[in-house]
Amino acid sequence: MQQLIESQYLKNLFTKSGDVLVREIKTAKYKVPMHIFCVDGLVNSAVFDQAILRPFADNTAVRECKNQQELYDALFTGMAYHGFASKVKDMDQLIQGVMSGMAGLIFDELHDAILFDVRGFDKRSVSEPSDEGVMKGAKDCFIEVLRTNTALIRRRIRSRYLVIEQMTVGRVNRADIAIAYLSNIVDMENVEQLKKAIKKIDIDNTPTPAFIEEFISSNRSSIFPQVMYTQRPDRCSSNLTDGRVALIIDGMPFVYILPCQFPILMQSPEDYAENFVIGSCLRTIRYLAFILTIILPGLYIAITTFQHQMLPIEQALSIQNAKVNVPFSSAVEVFGLLLSFEIIIEAGLRLPKTVGQAMSIVGGLVVGQAAVSANLISPAVVIVIAFTGIAGFTLPNQDLANAVRVLRFGIALLATFFGFFGIVIGITLIIIHLCSLDNYGVAYLSPFVDAEHKTHKDTLFRFPVRYFKYRPEGIARDNHRKQK
């Protein structure tokens with residue numbers, strides 16, 4: 001049931017809040033009353049004074065209004081010098097709008113209000129992306145303001161079919177969320193499924209991205225990312241034209257992309273900024289690094305513990321000579337150094353940026369060299385773990401890189417007990433798990449598992465742009481062709 005709009009209720013509600021303004025003003029001639037409702041620090045005071053309050057002194061039509069109905073109609077039909085105005089009849093909607101930075105004019109006799117979008121809170125400027133930078137390409141990125149992010153998308157997709165629907169989520173916070181899609185391309189079933197997932201979010205606050213991700217993910221128990229995020233408006237726009245849906249959340253400096261498949265997590269904006277041959281080579285190296293960073297520690301354990309015959313004799317003797325004075329087994333060495341590597345990474349993230357980078361480099365060198373000199377680990381293990389960590393840093397998606405950090409421990413554990421056979425078991429389980437994942441009706445490994453060859457031109461290799469003629473059929477089910 002809607003609650004009637006009354007200024008006295010707002011005065012009582014915000015009586016202890018010094019930043020919330022609920023103040024009565026009257027017209028000059030007939031003393032018609034109304035109340036201003038806004039939050040200091042969220043509104044642009046200059047715009048509010050010039051666009052809304054100035055007509056009460058300068059505009060004859062406003063001064064001549066004899067009652068609230070005439071004043072209400074006059075202000076809404078253009079006597080206020082502001083274009084973005086909306087009528088409000090529900091108290092919750094009024095409070096939600098004002099708490100997000102708008103200003104309200106309340107008419108108690110009518111139990112109505114007018115909301116003016118005069119938001120002017122401090123925000124950081126649009127700058128270069130910190131995680132997805134490219135040498136050749138756009139240098140702008142999303143920020144924490146919802147309307148700025150939607151404008152960045154509108155700037156790149158100047159289409160009548162671009163739809164941006166707005167919703168709210170959270171009991172207390174009531175965060176604004178926008179769903180963007182191209183109505184002539186997108187599969188509306190995906191849009192409706194995403195809306196249902198958002199409406200089911202029944203929580204007081206959504207302070208971190210993980211809160212939203214857990215609710216909108218199709219497979220919450222999987223450590224693989226089910227939602228792709230991006231800081232780049234151009235990358236978001238590219239995915240929208242492929243038929244995907246973008247989820248923009250106020251307060252978060254990135255945009256979620258759905259449906260999400262494994263191949264797009266391995267793609268980097270740099271792939272499309274370079275020649276297709278160079279882009280294909282870089283992407284191939286990335287896939288190779290993905291495999292190596294998972295299996296390399298386990299492979300070292302299996303070879304040095306069970307399958308010595310897999311190494312040349314000289315290499316096997318060299319490793320054994322290096323381990324003569326080391327009191328620990330290969331498995332203990334690998335797990336100890338992997339754990340140390342993860343601790344250094346976490347310490348670098350928690351320290352100030354300049355100190356953290358220096359600490360990570362110096363800490364890795366000092367700890368590794370000291371451990372080798374003290375005969376706690378062998379030099380070969382240091383090389384293996386260092387290469388493993390470097391290979392993991394090549395992954396363009398941080399959520400996928402975090403999943404890989406967990407998987408390498410699992411593969412190493414299987415190799416400790418079962419050797420090379422354990423690595424095969426682990427890889428098989430990972431492949432089975434990936435094949436079982438379904439993301440909004442689309443296979444997670446699509447288009448690798450699709451029989452249709454038209455959409456394979458942008459997976460392991462990046463073909464020339466002239467071959468990108470079709471959209472993924474599982475995502476854009478009706479409008480497939482993107483290029484003649």
Side-chain angles (χ1 to χ4, degrees), residues 129 131-137 223-225 228-230 232 234-235 238-239 242 244 257 259-300 310 383-408 411 423-424 426-428 430-435 437 439 442-472 474-475 482-483:
D131 295 337
E132 299 175 279
V134 294
M135 294 295 293
K136 295 188 298 184
I223 64 172
F224 285 92
M228 189 192 82
Y229 69 90
T230 180
R232 301 183 60 87
D234 54 349
R235 193 177 187 190
S238 176
N239 280 280
D242 278 342
R244 292 185 172 88
I257 303 295
C260 171
Q261 283 75 49
F262 179 79
I264 69 172
L265 297 175
M266 296 294 291
Q267 296 172 2
S268 170
E270 196 71 42
D271 298 345
Y272 304 96
E274 302 290 347
N275 179 272
F276 71 94
V277 176
I278 298 175
S280 298
C281 293
L282 293 175
R283 192 175 293 180
T284 304
I285 292 173
R286 210 173 294 133
Y287 274 94
L288 181 62
F290 171 77
I291 298 172
L292 289 177
T293 191
I294 293 177
I295 69 171
L296 199 57
L299 193 64
Y300 176 82
M310 295 183 65
I383 297 173
V384 169
I385 301 304
F387 188 81
T388 298
I390 294 172
F393 291 144
T394 63
L395 301 182
N397 185 276
Q398 187 58 45
D399 291 339
L400 181 61
N402 291 335
V404 167
R405 290 165 65 181
V406 177
L407 290 176
R408 66 167 71 116
I411 296 294
I423 297 177
V424 174
I427 294 175
T428 303
I430 292 173
I431 294 175
I432 292 174
H433 174 67
L434 290 174
C435 291
L437 294 181
N439 192 266
V442 184
Y444 193 66
L445 289 182
S446 175
F448 288 134
V449 295
D450 294 343
E452 180 58 57
H453 68 279
K454 297 178 181 178
T455 56
H456 291 177
K457 304 293 191 301
D458 191 23
T459 50
L460 182 60
F461 303 103
R462 185 183 86 75
F463 281 60
V465 178
R466 64 178 181 274
Y467 289 98
F468 297 166
K469 295 183 178 180
Y470 300 93
R471 298 182 178 91
I475 297 173
K482 61 191 297 187
Q483 183 181 172

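Just the heavy atoms: all of them, side chains too, but no hydrogens, waters or symmetry mates, feed the values below.
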Would you please say whether a donor-acceptor pair under 3.5 Å links the side chains of Thr293 and Arg408?
yes

Begin with the C-alpha distance, continue with both residues' side-chain angles, and end with the deciding distance and a verdict on side-chain contact (heavy atoms from CB on, under 4.5 Å) for Leu299 and Ile423.
CA-CA 7 Å; Leu299 193 64; Ile423 297 177; 4.0 Å; yes

So among Asn402, Ile430, Ile295, which one has a side chain to side chain contact (heavy atoms under 4.5 Å, CB included) with Leu407?
Ile430

I'd like to check Phe276 versus Phe463 (side-chain heavy atoms, cut-off strictly below 4.5 Å). Are they in contact?
no

Test log, rule ring-ring contact (aromatic ring centres under 6.0 Å, His included), inputs Phe262 and Phe290:
CA-CA 12 Å; Phe262 179 79; Phe290 171 77; 5.3 Å; yes

Backbone of Arg244 reached by a side-chain donor or acceptor of Asn239 within 3.5 Å:
no

Do Tyr300 and Phe387 make the cut of ring centroids closer than 6.0 angstrom?
no

Looking only at heavy atoms, the pair that brings Asn275 and Val277 closest together is OD1-N, 2.8 Å

Per the side chain to side chain contact (heavy atoms under 4.5 Å, CB included) rule, which among Leu434, Asp399, Asn439 passes with Phe224?
Leu434

Nearest atoms (heavy-atom pairs only) where Thr459 meets Pro447
CG2-CG, 3.3 Å

Has the side chain of Ser238 got a donor or acceptor atom that lies under 3.5 Å from a matching backbone atom of Asp234?
no

I need the minimum non-hydrogen distance between Phe448 and Pro263, along with the two atoms involved.
CE1-CG, 3.7 Å

In terms of heavy-atom contacts, Cys435 and Leu445 come closest through SG-CD1, 3.7 Å

All pairs passing salt bridge (Lys or Arg N to Asp or Glu O under 4.0 Å) where residues 278-293 contributes a residue, at least two apart
Asp271-Arg283, Asp271-Arg286, Arg283-Asp458

Whether Asn397 side chain and Leu400 backbone form a donor-acceptor pair below 3.5 Å:
yes

Side chains of Ser268 and Leu282: closer than 4.5 Å at any heavy-atom pair?
no

Donor-acceptor pair, Ser446 side chain versus Val442 backbone, under 3.5 Å?
no

Using 0.5 Å steps for rounding, measure from the CG atom of Leu288 to the OG1 atom of Thr394.
9.0 Å

Do Ile475 and Gln261 touch side chain to side chain, with heavy atoms closer than 4.5 Å?
yes

Going by heavy atoms in the side chains, are Leu265 and Cys260 under 4.5 Å from each other?
yes

Here the gap from Ile385 atom CD1 to Leu296 atom CG, rounded to the nearest 0.5 Å, amounts to 7.5 Å

Is Thr230 close to Ile257 at the side-chain level, that is, under 4.5 Å between some pair of heavy atoms?
yes

Taking side chain as C-beta onward, heavy atoms only, is Tyr272 less than 4.5 Å from Arg235?
no

Note, Arg232 side chain near Pro269 side chain (heavy atom, < 4.5 Å)
yes

